[in-house]
Number of protein chains: 2
Amino acid sequence: MRYHRNDVVARAIAVLDEYGLESLSMRRLATDRGVQPSALNHHVPNKQTRLAAVADEKLARGRRPRRATRWDERVVEVCRELRDAMLAYRDGAEVVVTAHTFGLGAGEPADRLRDALRDGGLPDDLVDVGTRAILHLVFGHTTEEQLALQAASAGAIDRAPGGPADFERGLELVLDGIRARVTS
Amino acid sequence: MRYHRNDVVARAIAVLDEYGLESLSMRRLATDRGVQPSALNHHVPNKQTRLAAVADEKLARGRRPRRATRWDERVVEVCRELRDAMLAYRDGAEVVVTAHTFGLGAGEPADRLRDALRDGGLPDDLVDVGTRAILHLVFGHTTEEQLALQAASAGAIDRAPGGPADFERGLELVLDGIRARVTS
DNA sequence: ACCTGAACACCGTTCAAGT
DNA sequence: ACCTGAACACCGTTCAAGT
């Protein structure tokens, strides 16, 4: 049973990467597997859950060793890993953000950010606020960036650069705000 | 022609507010107006454009007089207005964020933020970075907040408060980061 | 346990034809 | 100019029935 579920998720990622999110329908996935649409519900209960599983698998594949030790370096490390994991697959940002919005999966980056901020000495009542601020920044920036990248590769006008440099600078802005509130 | 377009948008907002985004289909809207689905395309070319028009109308309705004079107070003012406008209608956050993601409409808040940051003395190359950071923060926070509110009113478990106080504190975090880079 | 087949209740968009 | 009617190519989910 576990085997089949992972199988469905793996195929879903492959289909997603090749045809995009709009094509990640149960019917297309079923056709791809040579099976009836209704058969998918035996492995993953519904579309939302399947999308969350896809998001989690993307993040898991993008996992990298942790090198940083200082709290703020750890924040940057988590954010870079998250951004790269989202950019690594077609429509990856949208999938991860959607899953997060519905409170499904993708909770690991948030936990790592929270830990880093706590260890940094940020007052308890600001740890959640800071974590969310950073997460929203990464999500928003990466969604915009990926859309611009995909639009550019499709021949459309790329009106926004917002590459890695802008990402880092936006992050530093928030980090400076947090540093100003660290008690030590 | 203009009249009909506005009429479609106004009805769309009413339907949206009563039945939610998932019900804002061309077919339902057409039924609501006592018309064939294909008739809508004579006033608004497609669904995406209609959604952008709805987003713009929401923001326009939420417009308030500008009182603040200091640049950072103006930023807070714009953000509060934006948040309130999104929260004022069902699924408002999602509609506005989606429209913004596709680069359609909703450009006015970004322009006002940019102006405020420029007037504040933030270096030119950081104005866009700061504007986006703030916008992403507002979008992310408000989307989460509205989802929690709607889930709570639907009887589900509200696992996240994240009300106005958290909103302000997240914003202050970024503003502190920006203040640290203002040359004056 | 896993899957089929069929149905249910929907989508957005196009386009010839009418008034 | 505005709308109908019909079609095209899809959706997610449910559920009795088969193996």
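Protein chains get the first letters and strands the later ones, always in sequence-line order, with residue 1 at the start of each.
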Visitor: Looking at every heavy atom in both Pro109(B) and Leu59(B), which two are closest together, and how far apart are they?
Guide: CG-CD1, 4.1 Å
Visitor: Regarding Tyr19(B) and Arg90(B), is there a side-chain donor-to-acceptor distance under 3.5 Å anywhere?
Guide: no
Visitor: What is the distance, to the nearest angstrom, from the CG atom on Asp7(B) to the P atom on dC2(D)?
Guide: 12 Å
Visitor: Under 6.0 Å between ring centres, would you say that holds for His136(B) and Phe139(A)?
Guide: no
Visitor: Under 3.5 Å, is there a donor on one side chain and an acceptor on the other for Thr49(A) and Asn46(A)?
Guide: yes
Visitor: Below 4.0 angstrom from OP1 or OP2 of dT4(D), is there any side-chain N or O of Ser38(B)?
Guide: no
Visitor: Check the distance between dC3(D)'s P and Met26(B)'s CE and give it to me in whole angstrom.
Guide: 13 Å
Visitor: Under 4.0 Å between any heavy atoms, over every strand shown, what does Asn41(B) touch: base, sugar-phosphate, or nothing? Just pick one.
Guide: base
Visitor: Are any of His43(A)'s side-chain N or O atoms less than 4.0 Å away from OP1 or OP2 of dC3(C)?
Guide: yes
Visitor: Between Gln36(B) and dC3(D), is there a side-chain N or O to OP1/OP2 distance below 4.0 Å?
Guide: no
Visitor: How do Ala39(B) and Lys47(A) order along DNA chain D: which one's closest nucleotide is nearer the 5' end?
Guide: Ala39(B)
Visitor: For His42(B) and dT14(C), give me the distance from atom NE2 to atom P, rounded to whole Å.
Guide: 12 Å
Visitor: Using atom C1' of each nucleotide, how far apart are dA1(C) and dA17(D) to the nearest Å?
Guide: 15 Å
